[in-house]
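Here the structure comes first, spelled out in structure tokens, and everything after it is commentary.
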There are 2 protein chains.
Amino acid sequence: MATTTAEQRRDQAKLDYDAFLDGCPTRELLSRLTDKWVALVISALSGGPQRHGEIAHRIAGVSQKMLTQTLRTLERDGLITRTVTASVPVRVDYALTPLGHELVPVMAAIKTWAEAHMDRVFMARAEFDARAGA
Amino acid sequence: MATTTAEQRRDQAKLDYDAFLDGCPTRELLSRLTDKWVALVISALSGGPQRHGEIAHRIAGVSQKMLTQTLRTLERDGLITRTVTASVPVRVDYALTPLGHELVPVMAAIKTWAEAHMDRVFMARAEFDARAGA
DNA sequence: CAGAATCCCTGTCGATACTG
DNA sequence: CAGTATCGACAGGGATTCTG
């Protein structure tokens, strides 16, 4: 009955949790997920496991602090795994967990959306500013 | 040829813009989109136009300042429209633009994901903390 | 009812320097 | 190479007050 119970619990959870409600834990989770660096890290790892340095190189301009901090949080939330290989220069690999992998389409969608509609947003801003300036 | 030109420009943009690159304008747009309040506002408006007060009521706990600030930014970026009806008590309605409407699935996905996987994240955190504490 | 403006505190984030 | 620690600048964000 374990399977049924877990399934029931999840269905129940889907009904109870609502990010529109203040104090709902999903509000906090939502604020963690809606993070520039999270979107980039998850997208970067979507192609497979990568080393710390590789991710840093991929995501240009990210500070070492923010990267480590973001990776730690994602690890704690069960979205990525951190594997340390004790070699001469320490090697650390990060990879998406199954849970983290489920987030890839979502994060990729935001990144892609921004890249695809950048010009339209620029036009809208120009119009808005012109109106406001007039 | 206007259509073809616009289409070509957009395709070109899709190739040029890359949020992984530092200094790329999409990085800034990405940081705006990855915002707790943006996700909630876009989701709230997905059902149709709503008044300021209705949105405030829907998104429990949002301060008047953050709501107004978020709505302004979204308006400037061309994602929502702001319509003022000069009645006795002023009435202001907000609605998604076609561009903003394209963002609904993405924003809804994040919110839904958080609500659907909250329990799994909780379990992961418990495990991580237990490990760290040991 | 909508929102502008102010105060103020806390957290975020980057730069730098140091350890294993 | 990966990560920690510290400091300082700055923005996020809440509470309050005031206007049309």
Side-chain angles (χ1 to χ4, degrees), chain A residues 19-24 27-41 44-45 49-77 80-95 128 131-132, chain B residues 19 21-23 27-41 44-45 49-77 80-95 128 131-132:
Chain A
F20 279 137
L21 302 178
D22 192 15
C24 179
R27 180 73 69 87
E28 185 263 359
L29 178 57
L30 182 65
S31 71
R32 285 184 188 277
L33 296 179
T34 52
D35 180 299
K36 178 178 42 173
W37 302 124
V38 167
L40 292 173
V41 166
L45 287 176
Q50 293 197 13
R51 301 184 57 174
H52 180 103
E54 290 174 329
I55 304 174
H57 183 258
R58 187 93 189 272
I59 305 175
V62 64
S63 69
Q64 169 274 341
K65 178 185 173 180
M66 286 315 298
L67 181 55
T68 298
Q69 185 176 304
T70 303
L71 290 169
R72 277 290 176 291
T73 304
L74 291 176
E75 185 195 1
R76 191 172 103 95
D77 287 353
I80 65 175
T81 57
R82 178 172 175 270
T83 309
V84 181
T85 305
S87 48
V88 189
V90 184
R91 177 195 177 97
V92 181
D93 287 270
Y94 291 93
F128 183 90
R131 238 174 258 287
Chain B
L21 302 178
D22 192 16
R27 180 74 67 88
E28 185 263 0
L29 179 56
L30 182 65
S31 71
R32 284 185 188 277
L33 296 179
T34 52
D35 180 298
K36 177 177 47 174
W37 302 122
V38 167
L40 292 173
V41 167
L45 288 176
Q50 293 196 14
R51 302 185 57 175
H52 180 103
E54 291 174 328
I55 304 174
H57 182 259
R58 187 92 189 273
I59 306 176
V62 64
S63 68
Q64 173 272 333
K65 177 185 173 180
M66 286 314 299
L67 182 55
T68 299
Q69 184 175 303
T70 302
L71 290 169
R72 278 291 175 289
T73 303
L74 291 176
E75 184 194 1
R76 190 173 103 96
D77 286 352
I80 65 175
T81 57
R82 177 174 176 271
T83 309
V84 182
T85 306
S87 49
V88 187
V90 184
R91 177 194 176 98
V92 181
D93 287 89
Y94 291 93
F128 184 89
R131 240 174 256 287

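For clarity, every value in this text was computed on a predicted model and none was experimentally measured. Note on naming: letters A, B, ... go to the chains in the order of the sequence lines (proteins, then strands), and numbering restarts at 1 for each one.
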For B:Asp35 and A:Lys36, run side chain to side chain contact (heavy atoms under 4.5 Å, CB included): C-alpha distance rounded to whole Å, both residues' side-chain angles, the deciding distance at 0.1 Å, then the answer. CA-CA 8 Å; B:Asp35 180 298; A:Lys36 178 178 42 173; over 6 Å; no
Taking atom CZ of A:Phe128 and atom CG of B:Asp77, what is their separation to the nearest 0.5 Å?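 A:Phe128 CZ to B:Asp77 CG: 9.5 Å, rounded to 0.5 Å.
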Just how far, in rounded Å, is [atom2] of [N] from [atom1] of [X]?
X: A:Trp37; N: C:dC13; atom1: CH2; atom2: P; result: 9 Å
X: B:Arg91; N: C:dG3; atom1: CZ; atom2: P; result: 13 Å
X: B:His52; N: C:dA2; atom1: NE2; atom2: P; result: 6 Å
X: B:Gln64; N: D:dT16; atom1: CD; atom2: C1'; result: 11 Å
X: A:Met66; N: C:dA15; atom1: CE; atom2: P; result: 12 Å
X: A:Lys65; N: C:dA17; atom1: NZ; atom2: C1'; result: 14 Å
X: B:Leu67; N: D:dG13; atom1: CG; atom2: C1'; result: 13 Å
X: A:Ile80; N: D:dA2; atom1: CD1; atom2: P; result: 13 Å

So what does B:Arg51 touch, heavy atoms closer than 4.0 Å: a base, only the sugar-phosphate, or nothing?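 The answer is sugar-phosphate, as B:Arg51 gets under 4.0 Å only of primed atoms, P, OP1 or OP2.
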Taking for each residue the nucleotide of DNA chain D with the nearest heavy atom, is it A:Arg82 or B:Val90 whose nucleotide lies nearer the 5' end?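 By nearest-heavy-atom nucleotide position, the 5'-most residue is A:Arg82.
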Residue whose closest nucleotide on DNA chain D lies nearer the 5' end, B:Pro89 versus A:Glu54: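 Counting from the 5' end, the first nearest nucleotide belongs to A:Glu54.
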Evaluate the side chain to side chain contact (heavy atoms under 4.5 Å, CB included) criterion for residues A:Thr83 and A:Val92: first the C-alpha distance (whole Å), next the side-chain angles of each, then the deciding distance (0.1 Å), finally the verdict. CA-CA 6 Å; A:Thr83 309; A:Val92 181; over 6 Å; no
Short N-O contact, A:Glu28 and A:Arg32, less than 4.0 angstrom: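 The answer is yes: the pair qualifies as a salt bridge.
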The side chain of B:Arg72 lies closest to which of these nucleotides: D:dG3, C:dG3, D:dG14?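 Between D:dG3, C:dG3, D:dG14, the one nearest the side chain of B:Arg72 would be C:dG3.
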Counting only side-chain N and O atoms of B:Tyr94, is one of them less than 4.0 Å from OP1 or OP2 of C:dG3?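 Looking at the OP1 and OP2 atoms of C:dG3, one of them is under 4.0 Å from a side-chain N or O of B:Tyr94.
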